[in-house]
Amino acid sequence: MSGGGCSIVWFRRDLRVEDNPALAAGVRAGAVVAVFIWAPEEEGHYNPGRVSRWWLKHSLAHLDSSLRSLGTSLITKRSADSVSSLLEIVKSTGATQLFFNHLYDPLSLVRDHRAKEALSGQGIAVRSFNADLLYEPWEVNDAQGHPFRTFADFWERCLSMPYDPEAPLLPPKRIISGDASRCPSDTLVFEDESEKGSNELLARAWSPGWSNADKALTTFINGPLIEYSTHCRKADSATTSFLSPHLHFGEVSVRKVFHLIRIKQVLWANEGNEAGQESVNLFLKSIGLREYSRYMSFNHPYSHERPLLGHLKFFPWVINQDYFKAWRQGRTGYPLVDAGMRELWASGWLHDRIRVVVSSFFVKVLQLPWRWGMKYFWDTLLDADLESDALGWQYITGTLPDGREFDHIDNPQFEGYKFDPYGEYVRRWLPELARLPTEWIHHPWDAPESVLQAAGIELGSNYPLPIVGIDAAKVRLQEALSDMWQQEAASRAAIENGSEEGLGESTQLTPIAFPQDIQMEENHEPLRNNLATTIRRYDDQMVPSMTSFLRVEGEESSLDLRNSAETSRAVVPRNVNVNLEPRRDTVNQGVRRTVRSNDTLAQFDFTVGLGYAEDSAAESSSSSRRERDGGVVPVWSPPTSSYSEQFVGDENGIGASSSYLHRHSESHQLMNWQRLSQTG
DNA sequence: TAGCGTTTGCG
DNA sequence: GCAAACGCT
């Protein structure tokens, strides 16, 4: 290639110097300018919440100091549009190449494709790499070359691929710095004054940064890993790996995790260590779920906002702000649920099991729209991750082909005794119940008056009565589900009659808006008043703002935009209807939204991805190295006119779970994005 | 110890 | 709601 010019290494969610293929390629090619572009408006609703921004701030500082010790530094840019920033950086540095690592969420797929087009158009050589997955989504297919639909099949295939995931790369020994003298960094501001107090607490529990991630990995593998299978069923999170936020920001590579785990696996297999082997398999499964979440996101780019099984769009969600508020504040009257929500609120963390408990409760007992819950998780979790969270919520609502079914309600009382048999978890997060004996800790409403009195509890006053009874919830859920199937059948019949009304207005589906009027600050006041005396140590906790993006729009920003010349919202690809624009979002975000309410529809054209799959199959026998150097960015292309019809197919889902299929076999057809691109 | 009911866990 | 694992006779 060209001599002279340096290369740009564009860091995103790969904030590490070890096993970073894009960085390695840059170093191999000569001088490097390392950049990070902060463009939160580009991400619409899903721009990072307070705790995520806190993490990012520290992770970037850590990366910068690593790069400095290697001979260069991290150029940071505040931007409203990543692609134009890249073009400016190219201009000011005279770079001739761009390297970056793949991401698989829909926004990134579109943006990265745009970046590739724009820079290639300027004569820049653009190459991209796999740094986030064991295998690229398009590498893992069934015998017919189609993507898998169930996790079990997908993961089985991953574990028996004919070639291993790439071995991790060592960090570069030295980096020759490109000339960035005409490309000064912007100071990025990730927290405002009001957030600092809350953020200080995070630093006591967490250490962002790639070398800390590496330490956390080593500690986990040499310690808690062996007990992972026995302890992972307890709410007390002492034996989880705590790697998820590190993994989200790419501070540690899954391939490294995988290789180190494999070493233990072989060791324990040789020793005949049963518990160890079981733990390894279980932990690998959680890595597999992370892979699967990207796989699903790639194959079904709308899964973060649309159920994969189409019938769910007919579910009559309960729109009740008071329920939503009670759930967020941990005041539902179910101790395990409430303890979980308080932990999340205070610490940005929640054990996986408890995530399942609180989200099932949200969807099945309260019957609130799942995307509200997902958005709240997004804003409050330290390891908020669009693909994983979308997968989790889809699992809970029974819209994954092999997920849970919707119609079974888990009783938080029994789950309480399963995950927290001695009530320690509840007592830690709900001090008002601390003196209640274990016998009653997960169902205080059954406790005799004398017991409650002795424990200082007055139900309905200092701890709520159950917000909804489980039996009532079961009845209501059955009604809602039969309503859903009725609507679905009616819609299908209408379609078969050739009446276009089927999915349209006649089913009077009303979009469910995000509760944009909800101000978390305002809402947490009552709770604060209640708890100020009892839980003093959390009383400076702010609920991360659910509406920060709205305030970016309008009034004073909670994100600091002072350094941004362009405070206007990012220009997003116009045709991409992933509801990037807050305004559109708030009107148009319902699960029950009609298809036709989307005027323009996006098409992800995966022909390049598919073509690549062929390439890689051909290459895999001869050379697996070439695959890593792939250079493929999944291609997004504007909608074709015939497209919307096909889109209806995807609305209807990717095919039913086996049991749903049984009961409602006529109602589902297999339709996925690969197919669409082939037929379209 | 085969055969049965019961419990557990589920991506 | 079902399959595997468990434990009882």
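In what follows, chains carry the letters A, B, and so on, assigned in the order in which the sequence lines appear, proteins first and then strands, with residues in each chain numbered from 1.
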Once you measure the plane-to-plane angle for Phe151(A) and Phe154(A), does it fall in the parallel (<30°), tilted (30-60°) or perpendicular (>60°) bin? tilted
Measure the acute angle between the ring planes of Trp349(A) and Trp206(A), then classify it against the limits of 30° and 60° as parallel, tilted or perpendicular.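 Trp349(A) and Trp206(A): tilted rings.
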Let's see if you can work this out: which of dG11(B), dC10(B), dG9(B) has an atom nearest to the side-chain heavy atoms of Asp352(A)? dG11(B)
Select one nucleotide: of dG9(B), dG11(B), dC10(B), the one nearest the side-chain heavy atoms of Leu391(A). dG11(B)
Atom pair distance, as rounded to whole Å: [atom1] in [X] and [atom2] in [N]:
X: His408(A); N: dC10(B); atom1: NE2; atom2: P; value: 14 Å
X: Lys418(A); N: dG9(B); atom1: NZ; atom2: C1'; value: 7 Å
X: Leu289(A); N: dG11(B); atom1: CG; atom2: P; value: 8 Å
X: Asn281(A); N: dC10(B); atom1: CG; atom2: P; value: 13 Å
X: Phe406(A); N: dG1(C); atom1: CZ; atom2: P; value: 14 Å
X: Leu282(A); N: dG11(B); atom1: CG; atom2: C1'; value: 11 Å
X: Phe414(A); N: dT8(B); atom1: CZ; atom2: P; value: 12 Å
X: Phe419(A); N: dT8(B); atom1: CZ; atom2: P; value: 12 Å

Determine whether Lys264(A) and Asn222(A) make a side-chain contact, defined as any pair of heavy atoms from C-beta on separated by less than 4.5 Å.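 Lys264(A) reaches Asn222(A) side chain to side chain.
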Could you tell me whether Gly288(A) contacts a base, only the sugar-phosphate backbone, or nothing, with contacts defined as non-hydrogen atoms closer than 4.0 Å?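 No contact at all - Gly288(A) keeps every heavy atom at 4.0 Å or more from the nucleic acid.
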Within the 4.0 Å heavy-atom criterion, would you say Phe151(A) contacts the bases, only the backbone, or no part of the nucleic acid?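 Touches sugar-phosphate only.
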Answer yes or no: does a side-chain N or O of Arg353(A) lie under 4.0 Å from OP1 or OP2 of dC10(B)?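 For dC10(B), OP1/OP2 do have a side-chain N/O of Arg353(A) under 4.0 Å.
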Carboxylate-amine/guanidinium proximity below 4.0 Å for Asp385(A) and Arg290(A): no
